[in-house]
Amino acid sequence: MAKGMSDMADRLAPVSADQPATTGSTTPRLLLIDGHSMAYRAFYALPVENFATSTGQPTNAVFGFTSMLANLLRDEEPTHVAVAFDAGRTTFRTERLESYKGNRASTPEPFRGQVDIIRALLATLHVQVLDKPGVEADDILATLTAQARDQGMEVLVCSGDRDTFQLVGPTVTVLYPVRGVSEMSRMTPDAVEAKYGLPPARYPDLAALVGETSDNLPGVPGVGPKTAAKWITQYDGLPGVLENAERITGKAGESLRAHLAQVELNRELNRLLVDVELPVGPEDLAVRPWDRQALHEMLDELEFRTLRDRLFAMLPDETRDERVATAAALDLVQTGDGGLGAWLDARADEVLGLDVRGSGAPARGDAWGVAIADGAGQAVAYDLTAIEPADDAALAAWLGDPDRGKSLHAAKEAWHALDGRGLALRGVRFDTELAAYLCQPDRRAYDLPDLAIGYLRRELSSDAATSAGQGALDLEVDGADEGRRAAVRAAAVRDLVDVLGGEVADRGATTLLTDLELPLQDVLARMERTGIAIDRGYLSSLEQEFDGRVQGAAADAYAVIGREVNLGSPKQLQEVLFDQLGMPRTKRIKTGWTTDAAALTDLFARTGHPFLEHLLAHRDAIRLRQTVEGLLRSVGDDGRIHTTFQQTIAATGRLSSADPNLQNIPIRTEAGRQIRRAFVVGPGYSTLLTADYSQIEMRIMAHLSGDEGLIAAFRSGEDLHSYVGSRVFGVATGDVTPAMRSKIKAMSYGLAYGLSSYGLSQQLAIEVSEASALMTDYFERFGGVRDYLTGVVDEARATGYTATILGRRRYLPDLTSDNRQRRETAERMALNAPIQGSAADLIKVAMLGVDAELTRRGLRSRMLLQVHDELVLEVAEGEREEVESVVRTQMAHAGDGVPGGALDVPLDVSVGVGASWHEAGH
DNA sequence: AATGTAACGTA
DNA sequence: CGTACGTTACATTG
């Protein structure tokens, strides 16, 4: 839902107006909204399936209405505001005419209840809500409009009912939604006149003649707006038209005469009441401050994230200062030149909040500001480009002292930023980003302002929100402001520690944070800082080679079809394949039919068309070239590539690698493997060493399931897939054919992903029935695996989460979804997460062990990369044997300390060495 | 310019 | 109709 919601937020963002709202005027401006009509519009404008809370409450109308309101408040800057609702279905109009609005379908189920939510939301915004039995919302609006106009107020009426056009005047504008609720047409007297050829007061005359389908009021057949306007002008209003009906010639006149009663009734019904008795007048509707706490709670319940930001971003500055009350209370201390040391020493035993402004890219970071906050509401901030030497020294000593505890948000970035200024960062006791990740691993981002909202109900100004990487422009503004913003961040971090620390503890993740993720963060920082050496010359020659292949394949492809197309455009390819060449359709995708490699290969097998061959070769070559070009761009001045290992991205607990991604360097094809030759041992070191776990996920499955057969397989030391194959097919291990083995291998791995028999049949190009039989046979021999897989899903459904061997949780609310697709996806996630996540836990433990042991032994060799089940190290002269032993030991024993003792299966590690990543691989 | 989609590389 | 990622180019949108 989050995705759909943000899409909608963007779509709704601008209130388009034919002309800009006037601002800066001192005239009071009253905004009146027809609540029901706008909510209804919102309901139909936004797809309900994209808007629901995790509990299933539909929220599309609430979202659309609130979004619209936020835009109106922002753009129109009303001083007074009210929302009117219809109070039931019977009004004086339905009493007069039973069929009035009688064509309206009964309220759709998902709309029910949303009006009540909107009313509650309006209450938190302290917006007056009005309704009155027997009259419609528009009558209330009309009455208030008349009163406000007479009091000299400007009035804006927002309604989807055209009857309100009769209210338009020099100081009264109707905002009429044209598409959804995001675009409003500004109905001024001129706009009404331009559209209908009549002044606003005569619009209801026209509507009476033409009819109003939405109110179930039929008009005069054959009479449209043009004719109606002509008559009304000619006879000076509807009464004149009716009086002179006899004189109007032609079919239209005939028709009019036959429907005089209807027209009169229409006019009676579409006249809005301006004398409704109301408990309040316009003067009572002044905009008031929101009930911030209640609003936050409502937005929490509604799970509106982007909307919250927009609502609060909209507040005027004086209100904003108020809402950062906690931050405003922050005492930004001027310690005076050389005073930092004393300030820090007075807080020697305290874990302080630290914010570093700067750029956190590995090996090219820079820091230009720091702020430190204590737990008593005091903070200090320094501009590192202009810091006194004494303060600089005190800061450096404090930052680098492992015994002086500090808490940060995204400490690894700060580490790199400080490193760029020659400052070491040690003693990180808490990281709010890591903590939030452990609590909510499925989130994709953990911005500090978001966490402050979510856990502290505190709003950091969006300027303070700028992360370490993006603060550069801020230096242009007032330096004192910059310092305060940093201090606000530091204080937020400091305060988040208490709340998030509790959340982490509640989830049993404290050890995971302090003993695994936090120490690992430092290891990763050093790996990133080190980078891996690249043979640029070789990589450039590869680029040339791949480029040649790209050109050749493209030329061949063009020759076949007799024209040049963009082979990288799926759209153009579809044209060529399915229109020009008339090939059979492939699998359906959003934009037509897929042209992916599997489909092209299949097409080639069926048609043998040479274009496909060249196209596939082109795809291949272009991707290789892209990969190489990307890598070349990433090589730093030191001749090395410094990836960033992201520690808070993968919901299962894995690391990810970005900028560039070194976890997806090709290996499967020969051409791909050539790229790995470009990753080389750097100067001063003797070799690269790779170490990887064999079949770690299968081993974890064996351990977690306790399946005796699978455990025995691993303990036997035999080839896993042959062993399993022999049991499934009932033959001796030696008689398992390669075909049998590959089927077993595919199935074994597929199990950990929730593979279906259909999926297995696709992958192995066999019948579904055969795949299904294979799975049955498998589970007959390895029933523990099946019991485990179903059990893990059942448990997750009951508890709401899965857990790895180190207790890392993944919450999967969709396991109880009514939507089958979502539910089944969640089930596959549930059975995969403990396996993939436990493997991630284990290699993280191993990395800590390897790092600690290398340090303890005083070895120069160092870790460079982690690729999920593989570590790459750079080995110093004379250290190869010892390093290999350290790595083997630490990796193999990573599971020794898991809760409940060691794993039930051994962890097998294979090691290779060589001058390049390719040679070191095995 | 920013965003989404298709495609494809890895474990 | 198998999990977890990141990057790229193209196409569409503002």
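Numbered from 1 within each chain, the chains take letters A, B, ... in sequence-line order.
- Residue A/Arg633 places at least one side-chain N or O under 4.0 Å from the OP1 or OP2 atom of C/dT8.
- A/Ile649 comes within contact range of the sugar-phosphate backbone alone, with a heavy-atom separation under 4.0 Å but no base atom that close.
- The side chain of A/Asn661 lies closest to C/dT7 when the candidates are C/dG2, B/dA7, C/dT7.
- A/Asn566 places its CG atom 13 Å from the P atom of C/dT12, with the value rounded to the nearest Å.
- The CG atom of A/Asp596 sits 13 Å away from the C1' atom of B/dT5 (whole-angstrom rounding).
- Going from atom CD of A/Gln762 over to atom C1' of C/dG2 covers 12 Å, rounded to whole Å.
- OP1 or OP2 of C/dG2 has at least one side-chain nitrogen or oxygen of A/Ser756 nearer than 4.0 Å.
- With C/dG2, B/dG9, C/dA4 as the choices, the nucleotide that has an atom nearest any side-chain atom of A/Ala650 turns out to be C/dA4.
- Straight-line distance from the CG atom of A/Leu631 to the P atom of C/dG6: 16 Å, rounded to whole Å.
- At least one side-chain nitrogen or oxygen of A/Ser569 sits closer than 4.0 Å to the OP1 or OP2 atom of C/dA11.
- With no hydrogens or angles considered, a side-chain donor-acceptor pair links A/Thr643 and A/Ser657 at under 3.5 Å.
- Annotation: A/Tyr778 is in aromatic contact with A/Phe782 [ring centroid separation under 6.0 Å].
- Residue-level contact check: A/Gln836 touches the bases, meaning some heavy atom is under 4.0 Å from a base atom.
- Within 4.0 Å of A/Ile665, counting heavy atoms only, lie sugar-phosphate atoms of the nucleic acid but no base atom.
- Checking side-chain atoms of A/Ser748 against main-chain N and O of A/Lys745 turns up no donor-acceptor pair under 3.5 Å.
- Across all strands shown, A/Arg654 has heavy atoms under 4.0 Å from base atoms, whether or not it also approaches the sugar-phosphate.
- Within the nucleic acid shown, A/Ile667 comes within 4.0 Å of sugar-phosphate atoms alone, with no base atom in reach, counting heavy atoms only.
- We find the OG-CZ distance between A/Ser916 and A/Arg673 to be 12.5 Å, quoted to the nearest 0.5 Å.
- A cation-pi arrangement is present between A/Arg588 and A/Trp593 under the rule of less than 6.0 angstrom and at most 45 degrees off the ring axis.
- Heavy atoms of A/Gln763 sit under 4.0 angstrom from at least one base atom.
- A sub-4.0 Å separation between OP1 or OP2 of C/dC1 and a side-chain N or O of A/Arg820 is absent.
- At a threshold of 4.0 angstrom between heavy atoms, the contacts of A/Ile589 are confined to the sugar-phosphate backbone, with no base atom among them.
- Remark: C1' of B/dT10 and CZ of A/Arg623 are 11 Å apart, rounded to the nearest angstrom.
- Distances shown here put a side-chain N or O of A/Ser656 below 4.0 Å from the OP1 or OP2 atom of C/dG6.
- Distances shorter than 4.0 Å separate some side-chain N or O of A/Lys571 from OP1 or OP2 on C/dT12.
- Between A/Gln626 and C/dT7, a side-chain N or O to OP1/OP2 separation shorter than 4.0 Å is absent.
- Distances shorter than 4.0 Å separate none of the side-chain N or O atoms of A/Asn664 from OP1 or OP2 on B/dC8.
- At a threshold of 4.0 angstrom between heavy atoms, the contacts of A/Arg668 include nucleobase atoms, whether or not backbone atoms are also involved.
- The side chain of A/Asp659 approaches C/dT7 more closely than any other nucleotide in the set B/dA11, C/dG2, C/dT7.
- Nearest nucleotide to the A/Thr595 side chain, out of C/dG6, C/dA4, B/dA7: B/dA7.
- Residue contacts for A/Ala839: at a heavy-atom cut-off of 4.0 Å it reaches no nucleic acid atom on any strand shown.
- Using a 4.0 Å heavy-atom criterion, one finds that A/Ser657 contacts the sugar-phosphate atoms exclusively.
- Annotation: the span from A/Ile696 atom CD1 to A/His703 atom NE2 amounts to 11.5 Å, rounded to 0.5 Å.
- Checking C/dA4, C/dG6, B/dA6 against every side-chain atom of A/Pro570, the shortest atom distance belongs to B/dA6.
- Between the CZ atom of A/Arg444 and the P atom of C/dA4 there is a distance of 14 Å, given to the nearest Å.
- If you take atom C1' in C/dG2 and the same atom in B/dG4, they sit 24 Å apart, rounded to whole Å.
- Here A/Gly568 lies in heavy-atom contact (under 4.0 Å) with sugar-phosphate atoms only.
- In terms of the side chain to side chain contact (heavy atoms under 4.5 Å, CB included) criterion, residue partners of A/Ser756 (sequence neighbours excluded) are, by chain and number, A/Tyr758.
- If you take CG of A/Leu573 and P of C/dA11, they are 10 Å apart, rounded to a whole angstrom.
- Nucleic acid contact class of A/Thr594 (heavy atoms, under 4.0 Å, all strands): sugar-phosphate only.
- Here A/Arg625 lies out of heavy-atom contact (under 4.0 Å) with every strand.
- The distance from the NZ atom of A/Lys412 to the CG atom of A/Leu524 is 6.0 Å, given to the nearest 0.5 Å.
- Within 4.0 Å (heavy atoms only), A/Ala597 reaches sugar-phosphate atoms of the nucleic acid but no base atom.
- For A/Thr627, no side-chain nitrogen or oxygen approaches OP1 or OP2 of C/dT7 to under 4.0 Å.
- Distance A/Arg619 CZ to B/dA6 P: 13 Å, rounded to the nearest Å.
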